[in-house]
Amino acid sequence: MKGAYRELEEALRENVGPVVVDRTQNPKFGDFSTNAPFKMARERRQPPPVIAQELTERLRPVLEGRFSVAAAGGYVNFRMEEEALAGWTNWAAGDPWPEVFPKSGPKVLVEFISANPTGPLNVANARAGAIGDSIVRILKFLGFRAEGEYYVNDAGRQIANLGLSVLHFMKPDTFPLPKDGYRGEYVKELAREFVPEATPLLAKGPEGITLREAEEFGRKVAHHILKLQKESLKRYGIEYARFVMESEIRGSDYPERVYSILKGAGLLYFADADGNEANVPLPETFGELYEGDRYRYEGYALLFRATRYGDDKDRVMVRSNGEPTYFFWDSAYHLHKLDRGYDYLIDIFGPDHHGYVPRMKAVMGAFMEATGTNAVYDVIIHGQVNLYEGGERVRMSKREGRIYTLDDLVADVGKDAVRFFMLLRAPQTELNFDLDLARKAVKENPVFYTQYAHARIMSLLDYAKANGVEGKPIKDLPGEERGVAALVQYFPYYLLKALPIRLREEVWRGLNLPYANVEGKMDFSPNLLVDYLIELAHTYHSFYQNNRIVGSDRQGERITLSRAVLYTVRYGLNLLGVSAPERMG
RNA sequence: GCCCCCGUAGCUCAACAGGAUAGAGCAGCGGAUUUCUAAUCCGCAGGUUGGGGGUUCGAGUCCCUCCGGGGGCGCCA
């Protein structure tokens, strides 16, 4: 058995084609509907109601016993037959969700957070983490081979900076704090911990230390910070398939490959200080840009013709002083990803990285064209997070040390509330996070409200067991029971809705059903799943309030119904990274 | 100046690929409790979807334009 939604999709796709199945807005139209007749009207030069009528007659025998089918204007509406719905509910009460979709879909890589290992994770990282991890979980659930990945910028000037900052707090009089140095309380703490590693450097004094030595020391510190970040992530319920170190990318042959691919495609050139293309021939390899540590093309920057791929200016890959840009190393990393054979590569960036997207898309476009690789690359920019407390915006200031970290947030309101709240709105929108509300165990708090539905059912099942009441197969669904049962069947529907259309169609394609080839943006909407869970919780609370379960003449059936809700809420919360507690408080 | 996101009920937000009467929650008002967890439920009220124009059988959704809020525009990361 596959559940009502999947059975309907399959029947429609096999008999009509890749049409859109919707939940009806108004229950009087049934449970599901399709507006396919409107879409087919133009091509077939027939009015939608005529097509709707025809489809209705075609589908009736196919869906016999499962759905009643009715044409209404240009729509075709489907209503789950009571006996069939009873069967699907019995099925849902058997904890079926993990098996609903086969696990052999497209390979997807989702990169998220990738914060610099120079300090604790912050509130924006919490948003990216909740979104990214949830997307990976939902994709896996729907059969995709999805992985989360974290890119660690453990190399370069900022890491040297970190090292020098730590040295400064060890010997403030001897070692000046570098410009753009790190100064939070945590840096002082690191200064206390890293004395043994720093001893040789401290002896050399600020003038005696090379940039490379500062960076090597900084990297040790960075890896320690990364360890702390990993612990934060663990407390936050996020698990990655892997962490990729920038230092390893730098030491691999990927920088050389980036150079050779882009040069081969005629997409690199030297520019003078004014940005004008210079008549200076490119060397054969990336390595030949240097002689030892010396840059051979002093005064000339190496540019990538990003404008050929839609960016509004060409982008610097190696500065005129010979130092490659962040963009260059990131390109190497992304080439590495591309080489690993994913079908979809998704990056989740914060709103401050907005301007960075066109150049990444440009270089990825260039890589794919030059190497003949065919993957979909897209970037999700999530909105910023505003914390509110006591009705006022919580102002943060790095300089004054008033920063609110992921750890603070989790310690304050709990992992579950943070993750739930972070997913409450569409990823690209701004999010107002009400700390007071998140802390409260009241129904206005949607996390609590939803978890309570789960705990309530657990408690009910205990009570039923103690009273010798067992679940019985459902045969009919009178009164409010139907509404509860119907909503359970929407679960896979909302999982699909959380995906961009393109990936939704991949699911059907993977099941060898007709599918639509859809281009377009990779907009994920885990917030729709969140809304659904709140609605399911509400519907159950209402049913529970109005209907006695144990002791009623339908006690066995109502236990079965409650169990169907239980597993659905549990899996739903699990996909959000939120726990499903057995009891509250 | 250019680019991106956002603008829907008093507040926070939905509206799934352009489809049916724009939906929730909170706040407000009125009700329900010898409970299988009232940590809950039921009801009422609340809208010119920022303004204007266009495309369409049909627009909150697409296009143009204006207004407002946020973000980005570096040989920083």
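For clarity, every value in this text was computed on a predicted model and none was experimentally measured. Chain letters run A, B, ... following the sequence lines, proteins first, then strands; residues in each count from 1.
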### Task
Side-chain contact test, heavy atoms from C-beta onward, threshold under 4.5 Å: evaluate it for A:L282 versus A:Y269 and give yes or no.
no
## Note on the structure
Nearest-nucleotide check on RNA chain B, A:S542 vs A:A426; residue mapping nearer the 5' end is A:A426
### Task
Determine the Euclidean distance between corresponding P atoms of B:U56 and B:C2; express it in Å to zero decimal places.
30 Å
### Query
If we take the C1' atom in both B:A45 and B:G23, what is their distance in whole Å?
16 Å
### Query
Please give, in whole Å, the distance from B:C36 C1' to A:E470 CD?
16 Å
#### Entry: Base of B:C16 paired with side chain of A:Y494 (donor-acceptor, under 3.5 Å)
no
### Query
Using the benzene-type ring in the case of Trp, are the ring centres of A:F491 and A:Y5 under 6.0 Å apart?
no
### Message
If I pick the C1' atom on B:G53 and the same atom on B:G71, what distance separates them, to the nearest angstrom?
### Response
29 Å
### Query
Contact class for A:A455 vs. all strands (heavy atom < 4.0 Å): base, sugar-phosphate, or nothing?
base
### Message
Output the rounded distance in Å from CG (A:N116) to C1' (B:A77).
### Response
6 Å
### Query
Less than 5.5 Å between centroids and less than 30° between ring planes, does A:F448 satisfy that with B:A39?
yes
### Centroid under 5.5 Å and tilt under 30°, A:F29 to B:A20
yes
#### Entry: Whichever of A:V316 and A:R504 has its nearest RNA chain B nucleotide further upstream toward 5'
A:R504
#### Entry: Selection from B:C36, B:U40, B:C16 that lies nearest to any side-chain heavy atom of A:L460
B:C36
### Task
Might you point out which heavy atoms bring A:L55 and A:M40 nearest each other, and give the distance in Å?
CD1-SD, 4.1 Å
### Query
Looking only at atom P, what distance separates B:G10 and B:U49, rounded to whole Å?
13 Å
### Message
The side chain of A:R425 is closest to which nucleotide in this list: B:C42, B:U12, B:A77?
### Response
B:U12
### Task
Give a yes or no on whether a salt bridge exists between A:D434 and A:K440, defined as a side-chain N under 4.0 angstrom from a carboxylate O.
no
### Summary
Testing B:C16, B:A77, B:G70 for proximity to the side chain of A:E323, the answer is B:A77
### Query
Taking atom P in both B:U33 and B:G46, what distance in whole Å separates the two?
28 Å
### Query
Does a donor on one side chain sit under 3.5 Å from an acceptor on the other, for A:Y494 and A:E535?
no
### Query
When we call it a touch if two heavy atoms are under 4.0 Å apart, what does A:Q384 touch: a base, just sugar-phosphate, or nothing?
sugar-phosphate
### Task
Mind checking A:N547 for me? I need base, sugar-phosphate or nothing, with any heavy atom below 4.0 Å counting as a touch.
base
### Query
Expressed in angstrom and rounded to an integer, what is the separation of A:R548 atom CZ from B:U34 atom P?
12 Å
### P atoms of B:U12 and B:G7, separation to the nearest Å
12 Å
### Query
Does any nucleotide pair with B:G1 by Watson-Crick or G-U wobble geometry, both distances under 3.5 Å, and what is it?
B:C73
### Message
From CG of A:D311 over to C1' of B:C2, roughly how many Å is that when rounded to an integer?
### Response
13 Å
### Task
Using a strict 4.0 Å threshold on nitrogen-to-oxygen distance, state whether A:D312 and A:R315 make a salt bridge.
yes
### Query
Which part of the nucleic acid, if any, lies within contact of A:D272, taking any heavy atom under 4.0 Å across all strands shown: a base, the sugar-phosphate backbone alone, or nothing?
base
### Query
Does any nucleotide pair with B:G7 by Watson-Crick or G-U wobble geometry, both distances under 3.5 Å, and what is it?
B:C67
## Note on the structure
With the side chain defined as heavy atoms from C-beta on, A:H538 is closest, among B:C42, B:A32, B:C75, to B:C42
### Query
Can you tell me how far C1' in B:A15 sits from the matching atom in B:A9, rounded to whole Å?
15 Å
### Message
Counting only Watson-Crick pairs (N1-N3 plus N6-O4 or O6-N4) and G-U wobbles (N1-O2, O6-N3), all under 3.5 Å, who is the partner of B:A39?
### Response
none
### Message
Rounded to whole Å, please give me the gap between CD in A:Q428 and C1' in B:A14.
### Response
13 Å
### Query
Can you find an N or O donor on one side and an acceptor on the other, under 3.5 Å apart, linking the side chain of A:N77 with the base of B:A20?
yes
#### Entry: Interatomic distance, A:N432 CG vs B:A27 C1' [rounded to whole Å]
16 Å
### Message
Is it the case that B:A20 (base atoms only) and A:S33 (side chain only) share a donor and an acceptor within less than 3.5 Å, ignoring hydrogens and angles?
### Response
yes
### Message
In the structure I gave you, are the side-chain heavy atoms of A:F420 and A:I534 within less than 4.5 Å of one another anywhere?
### Response
yes
### Query
Rounding to a whole Å, what distance do you find between A:F328:CZ and B:A77:C1'?
16 Å
### Task
Could you tell me whether A:Y532 and A:Y490 have their ring centroids closer than 6.0 angstrom?
no
### Query
The side chain of A:I501 lies closest to which of these nucleotides: B:C41, B:U40, B:A17?
B:A17
### Query
Given B:C76, is OP1 or OP2 found less than 4.0 Å from the side-chain N or O atoms of A:R319?
yes
#### Entry: Interatomic distance, A:Y532 OH vs B:G25 P [rounded to whole Å]
17 Å
### Task
Compare all side-chain heavy atoms of A:I380 with those of A:F112 and state whether any distance is below 4.5 angstrom.
no
### Message
By nearest atom, which of the nucleotides B:C36, B:A20, B:A14 is closest to the A:S459 side chain?
### Response
B:C36
#### Entry: Which nucleotide in B:A39, B:A14, B:C42 has an atom nearest any side-chain atom of A:T429
B:A14
## Note on the structure
Closest to the side chain of A:H541, out of B:G70, B:U40, B:A15, is B:U40
### Counterpart base for B:A27, defined by Watson-Crick or G-U wobble contacts under 3.5 Å
none
#### Entry: Residue A:L528, side-chain atoms from C-beta onward, closest of B:U40, B:A17, B:A15
B:A15
### Task
In whole angstrom, give me the gap between the P atoms of B:C26 and B:G43.
13 Å
### Task
From the options B:A77, B:A39, B:C4, select the nucleotide whose nearest atom is closest to the side chain of A:H354.
B:C4
